[in-house]
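What follows is one structure encoded as structure tokens, with my remarks underneath.
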Amino acid sequence: MTDAISPLSPTPSSSNSVVANSPARVLIASLIGTTIEFFDFYVYATAAVIVFPKLFFPASDPTSATLQSFATFSIAFFARPIGAMIFGHFGDRVGRKATLVAALMTMGLSTVVIGMLPTYESIGVLAPILLALCRLGQGLGLGGEWGGAVLLATENAPEGKRSWYAMFPQLGAPIGFIFSAGLFLILRESMADADFLNYGWRVPFLISIVLVAVGLYVRLKITETPEFQRAIEKEERVSVPIAVIFRSHLRSLILGTIIAVATFVLFYLMTAFTLSWGTRPPGTGPLPAGLGYSQGQFLVVQLVGVVFFGLMIPVSGLLSDRYSRKLVLILTTIGIFIFGLFYASLLTAGLAGAFACSIIGLALMGFTYGPIGAALAAPFPTTVRYTGASMTFNLAGIVGASLAPYIATSLATTYGLVYVGYYLAGAALLSLIGILLSGNDEV
């Protein structure tokens, strides 16, 4: 694999473009895009819990409505590998910059349209169908965004700082979540329930158009990455990157998917499912269930946890460069396994326990999420790296995240909350096996 070069070290015939990509510009461009993308994604995740079951999936049984809402939530994860293949193809053939701009527009416009959709009361079954189509657009866009943002950072990274640079786009996840959850919290606390359900919930979706405009402005200011520019000069680009991935890098694709499973299960249990269960009235299922907190209370619990998520990402990036990504991932995955065994007892131990559960779980998320970007990109050469990293990340999303809230809700309702923790522990064990099977040069 071609070694990364400093953004200040000119290549033979592209010195101007390399110099133009200053470290600050590269890191801001990679961060702002993923912040917007994840803001859009989490706005949907929050609405899927507190809004959509009532407005798009009316049913006499609240559990059924929630499960239907989570089903549309999962659509994006199945769309993401398709987005990874489409945007990855053009990212490896045309360039990182143009592809990142297209991915941002696809995600952002899909989010804005959700904010303008009529509800089930207005147009009947067509409402959830349109919602599902918009969710599909979100998935396609995010499928192309993440890999490009990570490569924008890592392919401009100085020697020995790949994990540090790669963690900047990862910071978009907690920042985007804080923005989305904070905005929903403000709206819930400042509006009557009727007003919120009538029009207030639309505000976070419509605001996305402003964020997309800012993101496009920043993205259009960057130039191509040094490594991809060098691939152009050496005429190394391949015609069909996905075919090369399956022919020559299938092992890396499979192992990377397994390695990232625990990351996805952990995050979507700690956000979408935990918010749903925490705000669900007790005794609404076959077994005593739900913690009965208000939406405002539990959004605060999650926001505190996400702060620790954000703080641990740079810490894990520094540790990964100083020691190794593999060691950090091994220790963190063991921590996730142990946390899974105590998840239920923490979450049900009153408000203090809910805070502890959120802080510990999301801090572990920061430790695994920080190095995962560089780890998933490392095994693939420059010519297919956009496609390879994107496909790995998004296939892990299907396995680990697409049905996580749905599976967890079913397990908790049928068998009890403790089985949700076992589910997380099992995912951690699977990822640990993947990490141990990989070589040092594969993470």
Tell me, yes or no, whether the heavy-atom count around Y419 atom OH, taken from other residues, nucleotides or ligands under 6.0 Å, exceeds 12.
no
As an exercise, state the distance from OH of Y423 to OG of S410, rounded to the nearest 0.5 Å.
10.0 Å
Close side-chain approach of F339 and C357, heavy atoms under 4.5 Å
yes
Ignoring hydrogens and geometry, is there a side-chain-to-backbone donor-acceptor pair from Q170 to P314 under 3.5 Å?
no
Measure the acute angle between the ring planes of F179 and F39, then classify it against the limits of 30° and 60° as parallel, tilted or perpendicular.
perpendicular
Can you establish whether the number of heavy atoms outside M85 located under 6.0 Å from its atom CE is more than 12?
yes
Atom CD1 of I75 and atom CG of L133: how far apart are they, to the nearest 0.5 Å?
8.0 Å
Minimum side-chain heavy-atom gap V399-L395 below 4.5 Å
no
Evaluate the side-chain proximity of I245 to L250: yes if any heavy-atom separation is below 4.5 Å, no if none is.
no
OG1 (T154) and OH (Y165) are apart, to the nearest 0.5 Å, by 11.5 Å
SB check D92 R96 (cutoff 4.0 Å)
yes
Is the ring pair F52/W201 parallel, tilted or perpendicular, if the boundaries are 30 and 60 degrees?
perpendicular
So does G91 get a backbone contact from the side chain of T99, meaning a donor-acceptor N/O pair under 3.5 Å?
yes
Can you tell if the side chain of L303 reaches within under 4.5 Å of the side chain of V307, non-hydrogen atoms only?
no
For T368 and T263, test the side chains for any donor-to-acceptor distance below 3.5 angstrom and give the result as yes or no.
yes
Measure the spacing between OG1 of T72 and CD1 of I129 and express it to the nearest 0.5 Å.
12.5 Å
Looking at F205, I want to see if its CZ is surrounded by more than 12 non-hydrogen atoms of other residues, nucleotides or ligands under 6.0 Å.
yes
Do H89 and I242 have side-chain heavy atoms sitting under 4.5 Å apart?
no
Heavy-atom side-chain contact between F367 and I336 under 4.5 Å:
no
In terms of ring plane angle, is the pair F393 and W146 parallel, tilted or perpendicular, where the classes change at 30° and 60°?
parallel
We want to know whether T111 and Q138 form a side-chain donor-acceptor pair, criterion being a heavy-atom distance below 3.5 angstrom.
yes
Side chains of Y323 and S163: is there a donor and an acceptor less than 3.5 Å apart?
no
Could you tell me whether the side chain of F264 reaches within less than 4.5 Å of the side chain of I398, counting heavy atoms only?
no
Nearest 0.5 Å, please: how far is CD1 in I50 from CG in L299?
6.0 Å
With the side chain counted from C-beta on, respond yes when R230 and T382 share a heavy-atom pair under 4.5 Å apart, and no when they do not.
no
How many angstroms lie between atom CD1 of I254 and atom NE2 of H249, to the nearest 0.5 angstrom?
13.5 Å
Determine the interplanar angle of the F267 and F177 rings, folded into 0 to 90°, and report it as parallel if under 30°, tilted if 30 to 60°, perpendicular if over 60°.
perpendicular
Is the distance between the ring centroids of Y386 and F87 less than 6.0 Å?
no
